[in-house]
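One structure is given below, encoded as C-alpha cells.
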Amino acid sequence: MIKPIASNKRNGERFSKTFCEFFAGIGLVRAGLEPSGWRCVYANDVDPKKKELYENRFGIDDRFHLGDVWNTSEVLDRIVERPFLATASFPCVDLSPAGYRRGFEGEHSSTFFGFVEILARLGERGPKLILLENVTGFLTSKDGADFKAAIRSLSELGYAIDAFTLDAKYFVPQSRPRVFVVGAARDLEVPGAIRANATDWFGDGFDRAIERADAAIRPRRIVPLLRSIDPPPELIAFDIPIPNAKIAPLVELIDLDLDQKWWDEAQVQKHYLMMNDKHRAIVDRMIAAGESFVGTIFRRKRGGSTRAEVRFDGLAGCLRTPRGGSARQIVVAIDRGVLRMRWMSPREYARLQGAGDYPLVENEVQNLFGFGDAVCTPVIRYIDRYILTPVFDRHSNPIEPRLAAADSNRRMKDPVISA
Ligand SMILES: C[S@@+](CC[C@H](N)C(=O)[O-])C[C@H]1O[C@@H](n2cnc3c(N)ncnc32)[C@H](O)[C@@H]1O
C-alpha cells in the first residue's frame, strides 16, 4: 500500500516528497530515503539481476524501469509524476583506481551524461534537488577534469552545487569513502547552508565556513577544484556535522558459529603463507597469546605475487563486486588459538551496507555483486537528515522573509559549518 505523503504548494508549484532513483542497483538509496517519507516515483537500472533483487526488497510494480539511461524518450515517458529529488549513483568503474581509469571517455561512467540529458529534457518538470554518489576517484579522474565537467553540466542546468565526502566507517565497520554532490535549484531556500558565487566568494563567510569544516567531510582538494571551474558555478556549503554515531563492532556483524562455510586447513594455510611477514607475526602472536580476533582479508597483487592483506583496525575493507575473485572479501577469525578463514557471506555484505535484513536471492554471486556495488544505507539517511529533508521541508513551509533575513544575518556573523 502506498503511504500518505507530504506535499506542498509554493509559487504555484505543487510538490510531494518524491524522488527518482537513477542507477538504482538494488535500491539502497531508496532504502535510505523511505524512512523519512520520501516516495520513489521512478527507478532505473539496466541490469536484470539487480532488478530481481530490487523487486525482492521493494515489491514488483511498474516504477522500476529496466533499460538503458540513454533511452531518453523511454525514460521521460515513464516519469509521470514530478520528482522533488533525483539521485544518481552512476557507475564508478571508469573512475575508480581499481578500474580502467578511462574517466568520462569510458562507456560506463559516461552514463552520467545520459542522466544529465534526462534532466535537461525534463525542463520545467525537473527535480529541485540532485544527489550524486561516486568513488573518491571521481575527484581525481583526468586530473579533476571529469569532476569539473560534471559540475559544469549541472550548473548549466541551473543547480547550485555542494560537494563533500562521507565514509561509511562513521556508521558501520566498513571503510568506504565516497564523494557526494548535491545540486539545489537556484531558487530553492537552503536552510543552514551558505551560498557563494563567482563574484562573491570572499564576502559571505563561505571561505571561512569551508575552512572550518572538518577535512573528513570537505577534503582540501574539493574547494580548489570547485573554484577552478570555468565558468564558475554557484556554490553552497550545507551544514553537515561530523557523524558521531555509535558503531557496531565488526565482530557483531560476522557469524562465528561452526555452521559457516569455514575453509579446510590447506586453504587457511595457503592464505596464512600469503600474508606479509608483519601481518603473519601479528597473527602468530595473537594465536600464541590465546587472544580472540575478527578481521577481514583482501587478496592483492603486490610485485608480481598475490598477498593476503589483513585489516587489524576493526574495519572491513571496502566491499566491491567480486569480479575475478580477488575482490571478494575474506573473514579471518582467531578463537582460542585456532585460526579460521572463509569467504564473507552475502548476509555479512548486507550488514556492512547497513541493510542487514535485506531479502537475499538464491544466487550467491548475484547478491555479492548487488551489495558490492551499492551505497551504504545509513550514509544516505545522514545526508537526508541534514540536507534533503530540511530542504524539502523549507520548501513546503517557507519562513517569512523577515525571519529569513534575521536567520541569514546570524549565519553571516558566525558561519560555523560543523556541529
Ligand atoms: C554504483 S551502481 C548503483 C548502486 C545503487 N546505488 C545501489 O545502492 O545498489 C551503478 C548501477 O548503474 C547501472 N548501470 C550501468 N550502466 C547503465 C545504463 N546505461 N543505464 C542504466 N543503468 C546503468 C548498473 O547496473 C549498476 O547497478
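Whatever order the structure lists ligands and atoms in, that order sets their numbers, starting from 1.
For the pair Thr111 (side chain) and His108 (backbone), a donor-acceptor distance under 3.5 Å is present. In this structure a side-chain-to-backbone donor-acceptor pair under 3.5 Å is present from Trp262 to Asp257.
Atoms of ligand 1 found under 4.0 Å from any heavy atom of Asp47, numbered from 1 in the order shown, are 25 (O). Ligand-side atoms of ligand 1 in range of Asn44: 21 (C), range being under 4.0 angstrom from any heavy atom. Close approach of ligand 1 to Asp68 (heavy-atom distance below 4.0 Å) involves ligand atoms 18 (C), 19 (N), 20 (N). Each of the atoms 7 (C), 8 (O) of ligand 1 lies under 4.0 Å from some heavy atom of Val375. Listed by atom number, the atoms of ligand 1 under 4.0 Å from Gly27 heavy atoms are 9 (O). Near Thr111, meaning under 4.0 Å from any of its heavy atoms, are these atoms of ligand 1: 19 (N).
Looking at Gln329 and Thr296, their side chains do bring a donor and an acceptor atom within 3.5 Å of each other.
In this structure, atom 11 (C) of ligand 1 lies nearest to the protein heavy atom Asp45 OD2, 3.4 Å. For atom 22 (N) of ligand 1, the nearest non-hydrogen atom of the protein is Val46 N, 3.4 Å. The single protein non-hydrogen atom nearest to atom 3 (C) of ligand 1 is Phe23 O, 3.2 Å, given as residue, atom name and distance. Distance from atom 6 (N) of ligand 1 to its nearest protein heavy atom, with residue and atom name: Ser89 OG, 3.1 Å. Scanning all protein heavy atoms for the shortest distance to atom 4 (C) of ligand 1 gives Asp373 O, 3.4 Å. Of all protein heavy atoms, the one closest to atom 15 (C) of ligand 1 is Pro91 CG, 3.5 Å. Looking only at protein heavy atoms, the nearest one to atom 9 (O) of ligand 1 is Ile26 N, 2.9 Å.
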Applying ring pair (Phe, Tyr, Trp, His ring centres under 6.0 Å) to Tyr358 and Phe371, what does each step give before you reach the verdict? CA-CA 10 Å; Tyr358 194 104; Phe371 283 101; 5.1 Å; yes
Determine whether Ser153 and Phe112 satisfy the following criterion, side-chain contact (heavy atoms from CB on, under 4.5 Å), listing intermediate values before the conclusion. CA-CA 10 Å; Ser153 62; Phe112 168 73; 3.6 Å; yes
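Residue Val69 places at least one N or O, backbone or side chain, under 3.5 Å from an N or O of ligand 1. Residue Trp70 has no N or O atom closer than 3.5 Å to an N or O atom of ligand 1. An N or O contact shorter than 3.5 Å is missing between Ala374 and ligand 1 by distance. At least one N or O atom of Lys50 sits closer than 3.5 Å to an N or O atom of ligand 1.
Distances from ligand 1 to the non-hydrogen atoms of Gly67 include at least one value under 4.0 Å. Within the 4.0 Å heavy-atom cutoff, Ala24 counts among the residues contacting ligand 1.
Among all heavy-atom pairs drawn from Val172 and Pro378, the shortest one is CG1-CG, 4.2 Å.
The pair Glu189-Arg394 meets the salt-bridge criterion, with a side-chain N (NZ, NE, NH1 or NH2) lying under 4.0 Å from an Asp/Glu carboxylate O. Residues Arg351 and Asp255 are paired through a salt bridge, judged by an N-O separation under 4.0 Å between the basic side chain and the carboxylate. Salt bridge annotation for Arg78-Asp62: absent, with no cationic side-chain nitrogen under 4.0 angstrom from a carboxylate oxygen. With salt bridges taken as basic N to acidic carboxylate O contacts below 4.0 Å, one links Arg280 and Asp277.
Under the side-chain hydrogen bond (donor to acceptor under 3.5 Å, both in side chains) test applied with Asp146, the options Ser110, Ser109, Ser141 reduce to a single match, Ser141.
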Can I get a per-line list of side-chain donor-acceptor pairs under 3.5 Å for residues 129-137, giving both atom names and the distance, sequence neighbours left out?
from   : atom 1 : to    : atom 2 : distance (Å)
Glu133 : OE1    : Ser89 : OG     : 3.1
Asn134 : ND2    : Phe90 : O      : 2.9

